[in-house]
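Ligands are counted one by one from 1 in listed order, and the atoms in each one are counted from 1 as well. Because the structure is a prediction, the values reported are computed rather than measured.
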Amino acid sequence: MIDLRSDTVTQPCAAMRAAMLEAPLGDDVYGDDPTVNLLEATLAERAGKEAGLFLASGTQSNLCALLSHCGRGDEYIAGQDAHTYQYEAGGAAVLGGIQPQPIPWNERGELALQDIQRVIKPDDIHFARTKLLCLENTVGGKTVSLDYTHQATSLARNHNLNCHLDGARVFNAAEKLKIDVKEICQPFDSISICLSKGLGAPAGSVLVGDADFIQRARRWRKMLGGGMRQAGILAAAGLYALTHNVARLAEDHENARVLGEALSKIPGFSLAEPVQTNMVFLALEGDPLSALTSHLAEHRIKISGARWVLHKDVSAEHLKTIITACEAFAAERR
Ligand SMILES: *Cc1c(COP(=O)(O)O)cnc(C)c1O
């Protein structure tokens with residue numbers, strides 16, 4: 001089976017499983033798990049922050065961040081399609097009484113500075129208190145430039161807002177921009193990083209920030225039921241991923257580029273936007289897309305919509321199978 005639905009579908013390789021089996025463990029709620037402690041410290045160091053917190057998922061990590069930055073009646077600014085706004089079941093509003101203020105992204109995945117400026121609310125009893133700017137990088141497979149990041153976060157700081165980065169795929173962004181992940185993280189107070197996407201771990205995210213912030217987030221994590229015990233068995237997979245699966249993200253980007261280029265040459269296929277990292281967006285919808293989905297399923301290729309995601313379990317060899325199946329589909333429909 002070739003699965004292009006997401007980079008979350010990766011299977012832990014034999015060496016990652018071995019690392020999990022061998023990991024020294026303790027009760028992490030007591031702070032006793034050496035493997036969790038090492039993962040938290042390692043990722044904090046890589047991101048240039050004081051401390052880290054291991055969480056079950058990216059959603060839990062973003063939620064703990066929002067709850068730690070904002071209180072009841074506060075507000076965070078995020079993209080209209082941001083994960084924190086659109087894909088986390090409204091957790092910040094439901095569980096934290098935190099109001100989202102969504103604004104549109106432009107084609108580069110940026111929130112226009114004038115839009116940010118416009119929605120920051122003055123101190124007035126009619127309004128929620130604007131507390132946080134929340135960005136993403138990568139966003140929809142696109143990298144956001146350091147220049148823009150600095151402008152947006154400076155604007156936020158000038159209004160006393162904190163800044164959070166949903167960096168689910170921040171290592172993809174660093175690879176594409178050819179910079180240290182620290183540089184991307186530097187302007188933010190907190191960053192949430194997923195280990196279970198392109199990095200290939202079975203579960204887990206790490207939230208990084210300063211020590212006080214992480215201490216507050218640790219309390220929220222406990223309250224949300226996210227205090228795990230011998231969690232080092234999972235953290236070991238994350239440590240393995242940080243050692244072995246970061247540099248190889250370049251292969252996923254190259255595979256996405258090759259796939260995008262080949263697909264765009266097939267009659268009836270075109271790309272909705274240029275490939276930047278590990279995602280290919282096809283300009284296909286409705287009936288042709290559902291027919292293509294069934295056709296590919298017959299060739300043991302799984303897709304979910306027009307976003308096709310490359311990851312470590314899709315090889316250059318698999319690309320040929322995918323391209324051949326798409327060519328056959330195009331030929332049949334002519
Ligand atoms: C995947 C993802 C998350 C977190 O997702 P989980 O499935 O909860 O780990 C957060 N933000 C973005 C942009 C993501 O792609």
Side-chain angles (χ1 to χ4, degrees), residues 3-10 12 39 43 47 52-69 76-92 94-95 100 102 105 108-111 132-144 149 163-176 181 184-185 188 190-209 217 220-221 224-226 228 231 234-235 237-238 241 245 249 252-253 256 276-281 304-305 307-312:
D3 197 339
L4 298 172
R5 289 172 302 167
S6 175
D7 46 10
T8 56
V9 301
T10 54
L39 174 66
L43 215 36
L53 181 66
F54 182 54
L55 295 119
S57 68
T59 298
Q60 194 181 56
S61 177
N62 280 327
L63 178 57
C64 281
L66 286 162
L67 290 166
S68 303
H69 283 299
Y76 69 103
I77 299 169
Q80 183 68 42
D81 302 310
H83 207 278
T84 51
Y85 174 58
Q86 195 84 283
Y87 299 100
E88 296 182 1
V94 174
L95 301 169
W105 273 325
R108 289 187 299 279
E110 300 166 353
L111 306 175
L132 182 71
L133 175 66
C134 190
L135 300 181
E136 262 177 48
N137 203 0
T138 60
V139 43
K142 293 187 280 263
T143 57
V144 177
T149 302
C163 300
H164 172 71
L165 179 67
D166 179 354
R169 296 185 180 82
V170 72
F171 282 103
N172 292 83
E175 162 55 36
K176 176 67 187 179
V181 77
I184 302 179
C185 296
F188 294 94
S190 57
I191 302 97
S192 170
I193 302 170
C194 285
L195 300 163
S196 58
K197 304 262 163 98
L199 296 183
S205 284
V206 174
L207 179 65
V208 297
W220 283 116
R221 183 186 72 173
L224 295 170
M228 296 186 283
L234 287 172
N245 291 348
L249 291 174
D252 299 340
H253 298 179
Q276 283 200 26
T277 58
N278 67 330
M279 296 181 190
V280 177
F281 290 88
S304 161
R307 183 192 80 162
W308 297 9
V309 187
L310 282 295
H311 52 77
K312 73 169 187 64

Can you tell me which residue and heavy atom of the protein come closest to [atom], and the distance to 0.1 Å?
atom: atom 11 (N) of ligand 1; answer: D166 OD2, 2.6 Å
atom: atom 8 (O) of ligand 1; answer: T59 OG1, 2.6 Å
atom: atom 4 (C) of ligand 1; answer: G58 CA, 3.4 Å

Margin query: Using side-chain heavy atoms (C-beta onward) and a distance below 4.5 Å, is V144 in contact with E136?
Written below: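 The answer is no, as the side chains (C-beta and beyond) never meet within the 4.5 Å cut-off.
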I need the atoms of ligand 1 closer than 4.0 Å to a non-hydrogen atom of [X], numbered in the order shown.
X: E88; value: 10 (C)
X: K197; value: 1 (C), 2 (C), 3 (C), 4 (C), 5 (O), 14 (C), 15 (O)
X: S57; value: 8 (O), 9 (O)

Notebook entry, point to check: For W105, does its backbone N or O pair with a side-chain atom of Q80 as donor and acceptor, under 3.5 Å?
Noted result: no
Notebook entry, point to check: Would you find a donor on one side and an acceptor on the other, under 3.5 Å apart, between the side chain of T277 and the backbone of G141?
Noted result: yes
Notebook entry, point to check: R169 and side chain to side chain donor-acceptor pair (under 3.5 Å): which partner among D7, N137, T143, T138?
Noted result: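 Going through D7, N137, T143, T138 one by one, the side chain to side chain donor-acceptor pair (under 3.5 Å) with R169 is satisfied by D7 alone.
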Notebook entry, point to check: Among side-chain atoms of H311 and N278, is any donor-acceptor pair under 3.5 angstrom?
Noted result: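 Judged by distance alone, the side chains do not pair up.
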Item checked: Polar side chain donor-acceptor pair, N62 to H164, under 3.5 angstrom ->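 H164 and N62 do have a side-chain donor-acceptor pair below 3.5 Å.
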Next item on the list: For ligand 1, note which part of R169 has a heavy atom under 4.0 Å away: side chain, backbone, both or neither.
Entry: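 Looking at R169 and ligand 1, just side chain atoms fall under 4.0 Å.
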Next item on the list: Specify side chain, backbone, both or neither for T84, according to which of its non-hydrogen atoms lie closer than 4.0 Å to ligand 1.
Entry: neither
Margin query: Quick check: closest heavy atoms across S61 and S205, and the distance to 0.1 Å?
Written below: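 Minimum heavy-atom separation between S61 and S205: CB-CB, 4.0 Å.
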Check: Is there a nitrogen or oxygen of T138 sitting under 3.5 Å from a nitrogen or oxygen of ligand 1?
Finding: no
